[in-house]
Amino acid sequence: LPNRPYPVFVYLNAVAWYLSSGESMRSTAQKVIRFFGLSTFSHSTLCRFLPRLYPLLPYLIKYGAQIIKDWGATTSRVVPRKNWDKQQCALTEQLNKLLGAALRAPPEFGSWLAYHYWTDTNRFLV
């Protein structure tokens, strides 16, 4: 993606790990660095990226419906944060269902998802 140093699946995996663990954004960022062998990955990336995904959720679910159907049965639970309201918890559950399945799907799923979003909207996911 333009102006992004990492492939889109790195960002999607980071969000999925954050939503399904009780870890802070900082510790999730450290996990991303270790897992993908990156030199840096800022926790503020998660802070900025996560709210941008909520309005895109209907598009993402449309594209990932088959992945959710095939892989969604074992989706991990969302660990709600104390500052989330009921609506954000509901949106996060839907996002986690999609991205949790993406963690078990091939890594290219994130790139495929971003490509389909771009072809329909002419906008980048990240």
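Starting from 1, each residue takes its place in the sequence as its number. Just so you know, these numbers come straight off a predicted model, no measurement behind them.
Listed by chain and residue number, Ser27 satisfy the side chain to side chain donor-acceptor pair (under 3.5 Å) test with Ser24 (two or more places apart in sequence, or in another chain). Applying the ring-ring contact (aromatic ring centres under 6.0 Å, His included) criterion to Tyr115, with sequence neighbours excluded, gives no partner residue. Residues satisfying the side chain to side chain donor-acceptor pair (under 3.5 Å) criterion with Ser44, sequence neighbours excluded, are Ser42, Arg48.
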Item to complete: Take Glu23 and Tyr18 through the test side chain to side chain contact (heavy atoms under 4.5 Å, CB included) and record every step on the way to the result.
Response: CA-CA 6 Å; Glu23 297 177 355; Tyr18 173 68; 5.8 Å; no
Practice prompt. Determine, step by step, whether Leu95 and Leu50 satisfy the side chain to side chain contact (heavy atoms under 4.5 Å, CB included) criterion, reporting the C-alpha distance in whole Å, the side-chain angles of both residues, the deciding distance to 0.1 Å, and the verdict.
Written response: CA-CA 10 Å; Leu95 185 59; Leu50 187 58; 3.8 Å; yes
Worksheet entry | Residue pair Leu56, Thr121: steps toward the side chain to side chain contact (heavy atoms under 4.5 Å, CB included) verdict | CA-CA 10 Å; Leu56 310 179; Thr121 64; over 6 Å; no
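Atom-to-atom distance recorded for Leu38:CG and Gln30:CD is 10.5 Å, nearest 0.5 angstrom. Here Leu19 contributes atom CG and Leu53 contributes atom CG; the two are 9.0 Å apart, rounded to the nearest 0.5 Å.
Between Phe36 and Phe9, the ring-plane angle classifies as tilted under the 30° and 60° cut-offs. The aromatic rings of Tyr11 and Tyr6 lie tilted to each other, with the angle between the two planes from 30° to 60°.
Taking both residues in full, the closest heavy atoms of Ile33 and Phe41 are given as CD1-N, 3.5 Å, listed atom of the first, atom of the second, then distance. Shortest non-hydrogen contact noted between Ala14 and Thr28 is O-CG2, 3.5 Å. Between Leu46 and Met25, the closest heavy-atom pair is CD1-O, 3.8 Å.
Remark: Phe49 CZ is packed, more than 12 non-hydrogen atoms of other residues, nucleotides or ligands lying under 6.0 Å away.
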